[in-house]
Amino acid sequence: MAQQNGPAPPEPQDAPAPHRTTTVERGPFCTAHCTCGWRGPARRARSLARSDAESHANA
């Protein structure tokens, strides 16, 4: 049997974790946060922060 020299084949990678978003309120502002580290802009309207989070999760 012949032995192969060189790098080992790459290990199969797991599927990337889904983005889990939340909104955080600080004073009059609401910001969308994600488990991947992404943060949206501070918004005065919660609905806009939720929309930012949804757009990020679907991107």
Side-chain angles (χ1 to χ4, degrees):
M1 281 188 209
Q3 225 178 21
Q4 285 185 340
N5 290 333
E11 295 289 325
Q13 293 191 5
D14 295 334
H19 290 263
R20 297 190 191 278
T21 57
T22 59
T23 55
V24 177
E25 292 187 35
R26 288 197 177 176
F29 295 98
C30 188
T31 306
H33 292 218
C34 182
T35 55
C36 75
W38 172 86
R39 290 186 179 196
R43 305 285 195 172
R44 286 192 182 266
R46 287 184 202 102
S47 61
L48 289 177
R50 285 191 297 266
S51 178
D52 291 339
E54 185 178 338
S55 295
H56 170 74
N58 292 331

For Arg43, what residues pass the salt bridge (charged side-chain N to carboxylate O under 4.0 Å, His left out) criterion, not counting sequence neighbours?
Asp52
Nearest atoms (heavy-atom pairs only) where His19 meets Ala57
CB-CA, 4.2 Å
Provide the closest heavy-atom pair for Ala32 versus Ala49 in the form atom of the first, atom of the second, distance.
CB-O, 3.4 Å
Quick test of your reading: applying salt bridge (Lys or Arg N to Asp or Glu O under 4.0 Å), list the pairs with at least one residue in residues 27-41, sequence neighbours left out, ordered by first then second residue.
none
With sequence neighbours left out, write down each residue that passes salt bridge (charged side-chain N to carboxylate O under 4.0 Å, His left out) with Arg20, or none if nothing qualifies.
none
So, using ring pair (Phe, Tyr, Trp, His ring centres under 6.0 Å) as the criterion, who are the partners of His33 when residues are at least two apart?
none
Could I get the full list of side-chain contact (heavy atoms from CB on, under 4.5 Å) partners for Ala45, not counting sequence neighbours?
Ser47, Leu48
Arg50 and side chain to side chain contact (heavy atoms under 4.5 Å, CB included): which partner among Thr21, Thr23, Thr22?
Thr23
Mind jotting down which residue pairs meet the ring-ring contact (aromatic ring centres under 6.0 Å, His included) criterion with at least one end in residues 34-55? Sequence neighbours excluded, please.
Trp38-His56
